[in-house]
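One structure is given here, and the rest of the page talks about it.
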There are 2 protein chains.
Amino acid sequence: MPHQADIRQVLWQLAFQFKVSSKRAIRDYDLPLNGMHVRLLQMIARQPACTAQHIAAVTGRDKGQITRVIKELETMDLVTRTPNPEDRRSQLLALSQTGQGLMARIQEAEDEVTKTLLKGIPKKEVDAFIETGNRMLDNLREES
Amino acid sequence: MPHQADIRQVLWQLAFQFKVSSKRAIRDYDLPLNGMHVRLLQMIARQPACTAQHIAAVTGRDKGQITRVIKELETMDLVTRTPNPEDRRSQLLALSQTGQGLMARIQEAEDEVTKTLLKGIPKKEVDAFIETGNRMLDNLREES
DNA sequence: TTCATTGGTTGATATTGTCAACCAACAGCC
DNA sequence: GGCTGTTGGTTGACAATATCAACCAATGAA
């Protein structure tokens with residue numbers, strides 16, 4: 001596969017290939033989850049007092065979609081919902097016992113992908129990449 | 001929105017935000033197309049003797065999906081299929097007259113997004129970003 | 001000539017994304 | 001206290017995208 005000169009191609013391809021790799025990793029670990037499940041679990045694991053609203057804001061996804069995925073995670077007993085003392089409209093999300101165990105294995109799988117992704121690329125270069133990427137994100141978000 | 005330190009987050013977000021922006025641009029230009037349509041049109045425009053196989057290989061998408069989108073593009077009279085003299089199984093894809101006209105407008109829309117994306121980022125940095133991105137892609141593809 | 005491979009098509013189904021209506025709780029305001 | 005606009009979340013309907021497998025005809029190599 002030749003190298004792409006076009007920033008668009010690079011972006012599309014990176015996201016796509018990365019998704020494919022992650023998906024495969026998840027499946028290799030025999031986890032009964034799809035991509036969205038994984039992403040939300042990660043966010044919930046990271047954020048202490050996580051609400052659906054927070055997830056929607058950070059990911060930019062539709063809140064309806066968020067609601068549905070969370071519901072699935074709940075019926076799978078991976079996350080728990082407790083009423084938010086600060087605001088009776090919302091609920092705080094957290095990983096259940098099972099969820100935490102699963103999360104550890106997900107991390108493993110994803111770390112492996114990340115390791116593959118970054119193989120042979122000096123840390124300095126990776127940092128620069130992330131920095132530039134963040135600036136692009138700022139540009140895109142500003143516009144809206 | 002705070003800057004992400006995690007390469008995964010950056011990748012996801014970039015791809016997502018970029019997609020959102022492109023979609024909006026397409027719609028602002030009143031083009032009756034969805035994302036896949038646009039991507040395939042671009043590929044066909046770029047590749048002189050383009051076949052479905054070629055598109056599937058480059059994008060990594062399922063060939064069934066490719067077939068379907070092409071069929072739609074054909075019924076919209078945007079692309080033409082002519083038998084491939086080299087191989088009677090396959091067909092060469094090309095933009096129709098209408099397709100070419102549309103393509104010009106798509107380019108405009110997408111160029112605008114790219115411009116927004118890269119605003120204020122020195123060319124040198126963009127080049128480095130692309131280069132690093134390509135290396136990551138090589139890493140991911142090698143693995144499979 | 002066989003036979004495995006390749007380019008493409010089709011069907012079925014899962015996943016992800018989008019849009020809009022809706023409800024209850026909130027927050028500011030008079 | 002009552003309004004009113006906003007916010008967190010839910011739901012329905014539907015479009016777009018992805019995945020998997022079976023299948024066919026042409027190809028190419030043995």
Side-chain angles (χ1 to χ4, degrees), chain A residues 12-13 15-24 26-27 31-41 44 47 49-76 79 81-93 144, chain B residues 12-13 15-24 26-27 31-41 44 47 49-76 79 81-93 144:
Chain A
W12 282 119
Q13 290 298 59
F16 182 74
Q17 293 295 342
F18 189 65
K19 188 163 67 176
V20 168
S21 295
S22 292
K23 210 170 274 189
R24 189 164 41 209
I26 299 293
R27 216 182 25 198
L31 307 178
L33 304 170
N34 62 34
M36 264 296 146
H37 291 145
V38 172
R39 293 207 59 207
L40 292 212
L41 283 176
I44 295 172
Q47 256 294 318
C50 188
T51 66
Q53 167 50 30
H54 172 255
I55 295 181
V58 172
T59 62
R61 254 82 185 179
D62 186 76
K63 46 187 191 153
Q65 203 187 349
I66 307 284
T67 300
R68 279 181 262 261
V69 177
I70 290 179
K71 212 180 345 179
E72 282 174 32
L73 290 175
E74 204 188 11
T75 68
M76 286 193 257
V79 314
R81 282 197 276 197
T82 57
N84 183 351
E86 311 265 299
D87 184 338
R88 267 189 302 157
R89 283 170 303 180
S90 77
Q91 298 135 61
L92 297 181
L93 305 171
S144 31
Chain B
W12 283 120
Q13 292 296 58
F16 181 74
Q17 293 295 341
F18 189 64
K19 190 162 65 175
V20 168
S21 293
S22 292
K23 209 170 276 187
R24 188 163 43 209
I26 299 293
R27 215 183 26 199
L31 308 178
L33 304 169
N34 62 35
M36 264 296 146
H37 291 147
V38 172
R39 292 208 60 207
L40 292 212
L41 283 177
I44 294 172
Q47 256 295 315
C50 187
T51 67
Q53 168 49 28
H54 172 255
I55 295 181
V58 172
T59 62
R61 254 82 183 181
D62 186 76
K63 47 186 190 153
Q65 203 188 347
I66 307 284
T67 300
R68 279 181 263 262
V69 177
I70 290 179
K71 209 176 354 174
E72 283 175 33
L73 290 174
E74 204 188 10
T75 67
M76 286 193 257
V79 314
R81 282 197 276 198
T82 58
N84 183 351
E86 312 264 300
D87 184 337
R88 268 189 301 156
R89 284 170 302 181
S90 79
Q91 298 135 60
L92 298 180
L93 306 170
S144 28

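FYI, side chains are in, hydrogens and waters are out, and symmetry mates aren't considered; it's all heavy atoms of this structure.
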To the nearest Å, give me how far apart [atom1] ([X]) and [atom2] ([N]) are.
{"X": "I70(A)", "N": "dG8(D)", "atom1": "CD1", "atom2": "C1'", "result": "11 Å"}
{"X": "I66(B)", "N": "dT17(D)", "atom1": "CD1", "atom2": "P", "result": "12 Å"}
{"X": "K63(B)", "N": "dT17(D)", "atom1": "NZ", "atom2": "C1'", "result": "18 Å"}
{"X": "M36(A)", "N": "dA16(D)", "atom1": "CE", "atom2": "P", "result": "18 Å"}
{"X": "H37(B)", "N": "dA18(D)", "atom1": "NE2", "atom2": "C1'", "result": "15 Å"}
{"X": "R24(A)", "N": "dC20(D)", "atom1": "CZ", "atom2": "C1'", "result": "16 Å"}
{"X": "F16(B)", "N": "dT17(D)", "atom1": "CZ", "atom2": "P", "result": "13 Å"}

Atom pairs, protein N/O to nucleotides 12-15 of chain D N/O, distance under 3.5 Å:
unit_1: dG12(D); atom_1: N7; unit_2: R68(A); atom_2: NH1; d: 3.0
unit_1: dG12(D); atom_1: O6; unit_2: R68(A); atom_2: NH2; d: 2.8
unit_1: dA13(D); atom_1: N6; unit_2: R68(A); atom_2: NH2; d: 3.3

*Along DNA chain C, 5' to 3', what are the outermost nucleotides having an atom less than 4.0 Å from a heavy atom of chain A?*
dT15(C) to dC26(C)
*Heavy atoms, side chains only, cut-off 4.5 Å: are R89(A) and Q53(A) in contact?*
no
Taking only residues two or more places apart in sequence, or in another chain, which ones meet [X] in a side chain to side chain donor-acceptor pair (under 3.5 Å)?
{"X": "E74(A)", "answer": "R81(A)"}
{"X": "R88(B)", "answer": "none"}
{"X": "S22(A)", "answer": "E110(A)"}
{"X": "S90(B)", "answer": "N84(B)"}

*asked:* Can you give me the closest heavy-atom contact between I26(A) and L33(A), atom names plus distance?
replied: CG2-O, 4.2 Å
_Distance-minimising heavy-atom pair for C50(A) and H54(A)_ = SG-ND1, 3.8 Å
_Could you measure the distance from the CG atom of L73(B) to the CE atom of M36(B)? Nearest 0.5 Å is fine._
11.0 Å
*Base, sugar-phosphate, or nothing for T67(A), non-hydrogen atoms under 4.0 angstrom?*
base
*asked:* Heavy atoms only, 4.0 Å cut-off, all strands: where does R39(A) land among base, sugar-phosphate and nothing?
replied: nothing
*With sequence neighbours left out, what residues match D62(A) under salt bridge (Lys or Arg N to Asp or Glu O under 4.0 Å)?*
none
*salt bridge (Lys or Arg N to Asp or Glu O under 4.0 Å) involving R27(B) - partner list, sequence neighbours excluded*: none
*Comparing R89(A) and L33(A) on DNA chain C - which has the more 5′ nearest nucleotide*: L33(A)
*Want to settle it: does R81(A) or E86(B) sit nearer the 5' end of DNA chain D, counting the closest nucleotide to each?*
R81(A)
_Whichever of D87(B) and G35(B) has its nearest DNA chain D nucleotide further upstream toward 5'_ = G35(B)
_Axial bend angle, the helix from dT1(C)-dA30(D) to dC30(C)-dG1(D): five-pair end segments, nearest 10°_ = 30°
_At less than 4.0 Å, is any side-chain N or O atom of Q65(B) found next to OP1 or OP2 of dA18(D)? Yes or no._
yes
_Donor-acceptor contact below 3.5 Å, side chain Q91(A) vs main chain A52(A)_ = no
Result block: side-chain N/O donor-acceptor pairs under 3.5 angstrom for residues 64-72 of chain B, not counting sequence neighbours:
unit_1: T67(B); atom_1: OG1; unit_2: K63(B); atom_2: O; d: 3.0
unit_1: E72(B); atom_1: OE1; unit_2: H37(B); atom_2: NE2; d: 2.7

